[in-house]
Amino acid sequence: MRFQGKVVIVTGGGDGIGRATSLRLASEGATVVVFDINPAGAEASVAAITAAGGTALALAGSVTSESDIAAGLAATIAAYGKLDVLVNNAGFALKATQPELDIEHWDREMDGNLKGAWLCARAAMPLLMQAGGRGNIVNIGSVNGLMYFGNPAYSAAKAGLLSLTKSLAVEYGPRGVRTNMVSPGTIQTNAEAWTKRIKRDPKIFEKLSRWYPVGRVGKPEDIAAAVCYLAADEAGFCNGTNLVVDGGLTAGMPIMADELLAERN
Ligand SMILES: NC(=O)c1ccc[n+]([C@@H]2O[C@H](COP(=O)([O-])OP(=O)(O)OC[C@H]3O[C@@H](n4cnc5c(N)ncnc54)[C@H](O)[C@@H]3O)[C@@H](O)[C@H]2O)c1
């Protein structure tokens, strides 16, 4: 029960990684505010939490809207009186390659994946600073922010999110708020980018599993566990860190290594 008595906001908590994280936090005692642009998704996550005996509140809003964020924080304070943790999870990938990318989609991917996280962090910070030195933010990045895997605007936004994680960590660490990041590899969710790929290739996750040294792609629960570690008080010395949760995908390049090692024979 690492989160007993704590209030946590999870953006994009209405599906996928955000839902699994909301459920895991609630199972460890957190009161969870599920903030999502899709009200039905947020309600479904809250229903799952309350069915399991937890406490949660669904709020509809977009991380790209300052007024939605302000209303969400006000509703959180009205209901629970404080905020301990912000999980900046909302995000999405739109255009797969450079030639497909235009200014409109560049802006949408930057706004949804980077600016939104900054807006939420900025608005939540005064509340997190009142959390007795235990306030913190966990940003959800991606391996796309570390290496090229397609989706260039999304990837640039996630790389920017890593930099944002570090600047928040350094500037607000001395004021009692830690900021960390979790960077997932492929996680099997209903995200639009995956739904489209599954339509083209129903076996996409099995195929991609070959690239993962652990022999499988990830589950939302794999990421939820990492988020909960960083958000918990036991991670009090983690600040500005990026926890890569990718089954070893970015640990090496096995095809290159095979060529390199074959040279010896
Ligand atoms: N699934 C993966 O393979 C994967 C890999 C690496 C990183 N990630 C990251 O994990 C996070 C969650 O991804 P997922 O796969 O669970 O996605 P998902 O599509 O399953 O869930 C995302 C949720 O965010 C909500 N959302 C979207 N835009 C929003 C906005 N502007 N404001 C508020 N809510 C919004 C959606 O309604 C949805 O409920 C994203 O940041 C994503 O980039 C996912």
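Since the model is a prediction, treat every value here as computed from it, not as a measurement. First listed ligand is number 1; within each ligand, the first listed atom is number 1.
- Looking at H105 and R108, their side chains come closer than 4.5 Å, going by heavy atoms from C-beta outward.
- In terms of protein heavy atoms, atom 19 (O) of ligand 1 is closest to A191 CA, 3.3 Å.
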Full working for side chain to side chain donor-acceptor pair (under 3.5 Å) between N242 and S183
CA-CA 7 Å; N242 179 29; S183 288; 2.8 Å; yes
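- Residue contacts with ligand 1 do not include Q188, since none of its heavy atoms lies under 4.0 Å from the ligand.
- The ligand atoms of ligand 1 that sit less than 4.0 angstrom from a heavy atom of T186 are 3 (O).
- Counting only non-hydrogen atoms, the option in G185, S142, A60 that gets closest to atom 5 (C) of ligand 1 is G185.
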After noting the C-alpha distance and the side-chain angles of N139 and T165, does the key distance pass the side chain to side chain donor-acceptor pair (under 3.5 Å) rule?
CA-CA 7 Å; N139 292 322; T165 300; 3.0 Å; yes
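- Taking 4.0 Å as the cut-off, A93 does not count as a neighbour of ligand 1 on heavy-atom distance.
- Compare F92, Y154, F149, F205 by their heavy atoms: the one nearest to atom 43 (O) of ligand 1 is in Y154.
- Open room surrounds CE on M256; 12 or fewer heavy atoms of other groups in view lie less than 6.0 Å from it.
- Distances between N or O atoms of T64 and those of ligand 1 include no value under 3.5 Å.
- Taking 4.5 Å as the limit, every side-chain heavy atom of T186 sits out of range of all side-chain heavy atoms of L249.
- Each of the atoms 1 (N), 14 (P), 15 (O), 16 (O), 20 (O) of ligand 1 lies under 4.0 Å from some heavy atom of T189.
- Looking only at protein heavy atoms, the nearest one to atom 36 (C) of ligand 1 is D36 OD1, 3.4 Å.
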Set out, in order, the CA-CA distance, both residues' side-chain angles and the distance that settles side-chain contact (heavy atoms from CB on, under 4.5 Å) for I137 and Y172, then state yes or no.
CA-CA 11 Å; I137 298 174; Y172 289 97; over 6 Å; no
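- Looking at N113 next to ligand 1, no N or O pair under 3.5 Å apart turns up.
- For ligand 1, the atoms sitting less than 4.0 Å from at least one non-hydrogen atom of G14 are 39 (O), numbered in the order shown with element in parentheses.
- By the neighbour-count criterion of 12 heavy atoms within 6.0 Å, atom OH of Y148 is densely surrounded, having more than that number from other residues, nucleotides or ligands.
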Verdict with supporting geometry, I255 and W211, side-chain contact (heavy atoms from CB on, under 4.5 Å):
CA-CA 10 Å; I255 294 177; W211 289 95; 3.5 Å; yes
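- Set against the non-hydrogen atoms of G91, the atoms of ligand 1 under 4.0 Å away are 40 (C), 41 (O).
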Before giving the answer on side-chain contact (heavy atoms from CB on, under 4.5 Å), spell out for D222 and R216 the whole-Å C-alpha distance, their side-chain angles and the decisive distance to 0.1 Å.
CA-CA 12 Å; D222 292 320; R216 66 172 177 90; 2.9 Å; yes
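- The shortest contact between atom 34 (N) of ligand 1 and any protein heavy atom is with I37 N, 3.2 Å.
- The heavy-atom pair separating Y229 from A235 by the smallest distance is O-CB, 3.1 Å.
- Inter-residue side-chain proximity for N113 and L161 is flagged as unmet; no heavy-atom pair is nearer than 4.5 Å.
- Taking only non-hydrogen atoms, the option from N88, N89, V63 nearest to atom 41 (O) of ligand 1 is N89.
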Could you go through I140 and V227, starting from their C-alpha distance and side-chain angles, then the distance that decides it, and tell me whether this counts as side-chain contact (heavy atoms from CB on, under 4.5 Å)?
CA-CA 8 Å; I140 305 300; V227 173; 3.6 Å; yes
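- If you check which protein heavy atom lies closest to atom 24 (O) of ligand 1, you get G12 CA, 3.3 Å.
- Protein heavy atom nearest atom 31 (N) of ligand 1, with residue, atom name and distance: S62 OG, 3.1 Å.
- Residue G141 places a heavy atom under 4.0 Å from ligand 1.
- Which parts of ligand 1 touch G61 is read off a 4.0 Å heavy-atom cut-off, strictly below it: atoms 32 (N), 33 (C).
- At a heavy-atom distance under 4.0 Å, no atom of R19 approaches ligand 1.
- For the pair K95 and E104, the salt-bridge criterion is not met [side-chain N within less than 4.0 Å of a carboxylate O].
- Scanning both residues, A124 and L83, for their nearest heavy atoms gives CB-CD2, 3.9 Å.
- Residue-ligand proximity, G16 to ligand 1, at heavy-atom distances under 4.0 Å covers atoms 16 (O), 20 (O).
- For atom 13 (O) of ligand 1, the closest heavy atom belonging to the protein is I17 CD1, 4.1 Å.
- Distance from atom 6 (C) of ligand 1 to its nearest protein heavy atom, with residue and atom name: P184 O, 3.4 Å.
- Each of the following atoms of ligand 1 lies closer than 4.0 Å to a heavy atom of N38: 37 (O).
- By the 3.5 Å distance cut-off applied to N or O atoms, I187 is counted among the residues near ligand 1.
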